[in-house]
J.: 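Let me begin by handing over the structure; questions about it come next.
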Amino acid sequence: MTAPPEAAPPEGDVPDAAPPDRPTPAGSGPDRPTPDAAPPDRPTPAGSGSDRPAPAGSGSVGAPPARPVPSPVDPAARRARATQSFWTAVVGVPAVFSVLRLGVEAGGELQTTLLLVANVGTVNLLAGFLTTAAALLSTALVAVFALGAVLRASVDRMPSGMRRPLFARWVDSTPAWFAVASFLLALVTWPLLYLPLLLPAFVAAFQLGPERLHEQRAPRLLLLAAGFAGYLWLLGPTLVDAVRQGEALALVLLVVPPVLALFVTGPLPAAVIRPLASVTEAAVLAMLVWAALPVITTPVLPLTVTTVESSPGVTEDVRGHVVTVDDVDVVLLQERGGVRYLPVGQVRAQVLCPSEDELPRRQLRVRDFHVEDSLLEGLGRRVRPVHRIDAACRTVA
């Protein structure tokens, strides 16, 4: 037989619970707990309900803003920035110096500067800059490589949070061949009197400490003794002449650098890294400014004394720098300022003269090379010996 249907509840009554003979399914019915709170007779599970933190960016009212996680510095990007700044300095500094030289040589006059710019070609300007400022450029590079290598060897001892020094970043981004080329440029362009300074600079730049000569101490000391003996044999006569002439600066420059080369390799103590990095960067910049003043004021054009005959039997010596020569005039930038046009038909003679900076001030020599000459100049004087200075060059302008 079919069971009779259950009686329907009275209209308007809503059942509060399931019939006793049928249990209420879990999670259903009006007494189902809301997601925000647990039933009073059951504890809220950890990490659920209203105690759970709202996810970042969910827009919950009163939720603290999410902190951005700092992205780590990409070593490749850092190296690229250091490389860009290094090559910008290498290329930009000579260009700025070349423009300043023309302005200074023109006496600050706009029209004269424009005349020089129009007649001094880029190749001539570059050649003049390299012959006069190559020593300055190589000095800056040698100082950067030497100091940067010492600071780079001390990176592990740097305080936490300290940024790597600028010179150390430049050394990391510069190929080794460029550093070697910089030292070779200094070797042929520095005056012989200052060449001993390259020894400690080279040792510092490539971290060539005495321990790298030999593993054992006795052979290492023998190699060092042989090196110092060869150095004294090469410079012995020069040192004796320096003592006789009372050249104290020459003695210091010839004796101290080889001894200093034994103690210039890193790493440095942690307490001196930060001040040394700041002081050396400022010192190199100050050295460039101090050494750049003679370079900027050094003439680009050749200095001559031109003899002109303005009228029959009347001659005049005009001292100045040759700007240009054409079929009509010889254009001279006079030593005391101003531009003078000399008709070609009146020119009777012209003598090339050395400047005052080219005249020697010391009498010391190193194996027949004058100490104020570079290797390049010394070899050139052997091929073309210095001629006697013409009497017209000694005439006061």
J.: Please tell me whether V256 and V203 are part of a single hydrophobic cluster in this structure, the criterion being side-chain heavy atoms less than 4.5 Å apart.
T.: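 No; V203 is not reachable from V256 via cluster members.
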J.: How long is the span from the CZ atom in F145 to the OG atom in S138, to the nearest 0.5 Å?
T.: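 Here the interatomic distance stands at 11.0 Å.
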J.: In chain order, what residues pass the salt bridge (charged side-chain N to carboxylate O under 4.0 Å, His left out) check against E281, with sequence neighbours excluded?
T.: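 Counting only residues at least two positions away or on another chain, E281 forms no salt bridge (charged side-chain N to carboxylate O under 4.0 Å, His left out).
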J.: Can you find a pair of side-chain heavy atoms, one from V331 and one from L115, that are under 4.5 Å apart?
T.: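 Result yes, sub-4.5 Å side-chain heavy-atom pair found.
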J.: Atom CG in L166, atom CG in L151: separation rounded to 0.5 Å?
T.: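 One finds 10.0 Å between CG of L166 and CG of L151.
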J.: Side chains of residues 263-280: which donor-acceptor pairs under 3.5 Å do they make with residues two or more places apart or in other chains?
T.:
| unit_1 | atom_1 | unit_2 | atom_2 | d |
| --- | --- | --- | --- | --- |
| S278 | OG | R274 | O | 3.4 |
| T280 | OG1 | L276 | O | 2.6 |
| T280 | OG1 | A277 | O | 3.1 |

J.: Got a sec, which residues hit side chain to side chain donor-acceptor pair (under 3.5 Å) with T324, two or more places apart in sequence or on another chain?
T.: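 Result, side chain to side chain donor-acceptor pair (under 3.5 Å) vs T324: none returned.
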J.: Are V255 and F202 joined in one hydrophobic group, where the rule is that I, L, V, M, F, W and Y side chains link up if heavy atoms are under 4.5 Å apart?
T.: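 Hydrophobic grouping puts V255 with F202.
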J.: Out of curiosity, D317 CG to T307 OG1, how far, rounded to the nearest 0.5 Å?
T.: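 Result: 4.0 Å between the selected atoms.
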J.: Under 4.5 Å between any side-chain heavy atoms of L141 and F178, yes or no?
T.: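 They are in side-chain contact.
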J.: List the atom of L197, the atom of P257, and the distance in Å for their closest heavy-atom pair.
T.: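 For L197 versus P257, the nearest heavy atoms are CD2-CG, 3.6 Å.
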J.: Could you tell me which residues satisfy salt bridge (charged side-chain N to carboxylate O under 4.0 Å, His left out) with E309, sequence neighbours excluded, listed by chain and number?
T.: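 Only R348 meet the salt bridge (charged side-chain N to carboxylate O under 4.0 Å, His left out) criterion with E309.
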J.: What residues, two or more places apart in sequence or in another chain, satisfy side chain to side chain contact (heavy atoms under 4.5 Å, CB included) together with L198?
T.: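 In terms of side chain to side chain contact (heavy atoms under 4.5 Å, CB included), with neighbours along the sequence ignored, L198 is linked to V142, F183, A186, L187, W190, L195.
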J.: What's in the same ILVMFWY side-chain cluster as L342, cut-off under 4.5 Å, chained through other members?
T.: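 L342 shares its hydrophobic cluster with V308, V318, V322, V325, V330, L332, V344, V347.
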J.: Who pairs with Q207 by side chain to side chain donor-acceptor pair (under 3.5 Å), at least two apart in sequence or on another chain?
T.: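 Expected list: none.
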J.: Report all side-chain donor-acceptor pairs from residues 221-246 shorter than 3.5 Å, counting only partners two or more places apart or in another chain.
T.:
| unit_1 | atom_1 | unit_2 | atom_2 | d |
| --- | --- | --- | --- | --- |
| Y231 | OH | L254 | O | 2.5 |
| T238 | OG1 | R365 | O | 2.7 |

J.: Is it true that a side-chain atom of E377 and a backbone atom of S374 form a donor plus acceptor pair closer than 3.5 Å?
T.: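 At least one qualifying donor-acceptor pair exists.
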J.: Answer yes if L376 and V180 sit in the same cluster of Ile, Leu, Val, Met, Phe, Trp and Tyr residues linked by side chain heavy atoms under 4.5 Å apart, and no otherwise.
T.: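 L376 does not cluster with V180.
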J.: With a 3.5 Å distance limit and no angle check, can you tell me whether R169 reaches the backbone of R164 through a side-chain donor-acceptor pair?
T.: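 Judged by distance alone, yes, a pair lies under 3.5 Å.
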J.: If you look at every heavy atom in Q350 and T306, which pair is closest and at what distance?
T.: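 Reported closest heavy-atom pair: NE2-OG1, 3.0 Å.
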J.: Enumerate the salt bridge (Lys or Arg N to Asp or Glu O under 4.0 Å) contacts for residues 111-129, please, sequence neighbours excluded, ordered by first and then second residue.
T.: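 Of all non-adjacent pairs touching residues 111-129, none passes salt bridge (Lys or Arg N to Asp or Glu O under 4.0 Å).
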J.: Q334: what forms a side chain to side chain donor-acceptor pair (under 3.5 Å) with it, not counting sequence neighbours?
T.: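 Checked Q334 against side chain to side chain donor-acceptor pair (under 3.5 Å); zero matches.
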J.: Can you tell if the side chain of T139 reaches within under 4.5 Å of the side chain of Y194, non-hydrogen atoms only?
T.: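 A side-chain contact is absent here, since even the closest heavy-atom pair is not under 4.5 Å.
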J.: Output all residues satisfying side chain to side chain contact (heavy atoms under 4.5 Å, CB included) with S311, sequence neighbours left out; order by chain, then residue number.
T.: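 For S311 the side chain to side chain contact (heavy atoms under 4.5 Å, CB included) partners, ignoring immediate neighbours, are V314.
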J.: Which atom pair, heavy atoms only, marks the closest approach of A204 to A149?
T.: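 Scanning both residues completely, I find the closest heavy atoms to be O-CB, 3.2 Å.
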J.: Do L137 and V289 belong to the same hydrophobic cluster, where Ile, Leu, Val, Met, Phe, Trp and Tyr are linked whenever their side-chain heavy atoms lie under 4.5 Å apart, directly or via other members?
T.: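 Hydrophobic grouping puts L137 apart from V289.
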J.: If I compare all heavy atoms of L193 with all of P196, which pair ends up nearest, and what's the gap?
T.: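 Shortest heavy-atom contact: O-CD, 3.6 Å.
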J.: For the residue pair T112 and A106, what are the closest heavy atoms and their distance?
T.: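 Closest approach of T112 to A106: CG2-CB, 3.6 Å.
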J.: Could you check whether any side-chain heavy atom of V339 comes within less than 4.5 Å of a side-chain heavy atom of E109, counting everything from C-beta outward?
T.: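 Side chain of V339 against side chain of E109, heavy atoms only: no contact under 4.5 Å found.
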J.: Return the set of residues passing side chain to side chain donor-acceptor pair (under 3.5 Å) with E372 (not counting sequence neighbours), or none when no residue passes.
T.: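 Scan of E372 (side chain to side chain donor-acceptor pair (under 3.5 Å), adjacent residues dropped) gives none.
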J.: Indicate the atoms forming the closest heavy-atom contact of P258 with L199, along with that distance.
T.: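 Heavy atoms of P258 and L199 come nearest at CA-CD2, 3.8 Å.
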J.: Is there a path from L303 to L301 through hydrophobic residues (I, L, V, M, F, W, Y) whose side chains come within less than 4.5 Å of each other?
T.: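 Result: no, two separate clusters.
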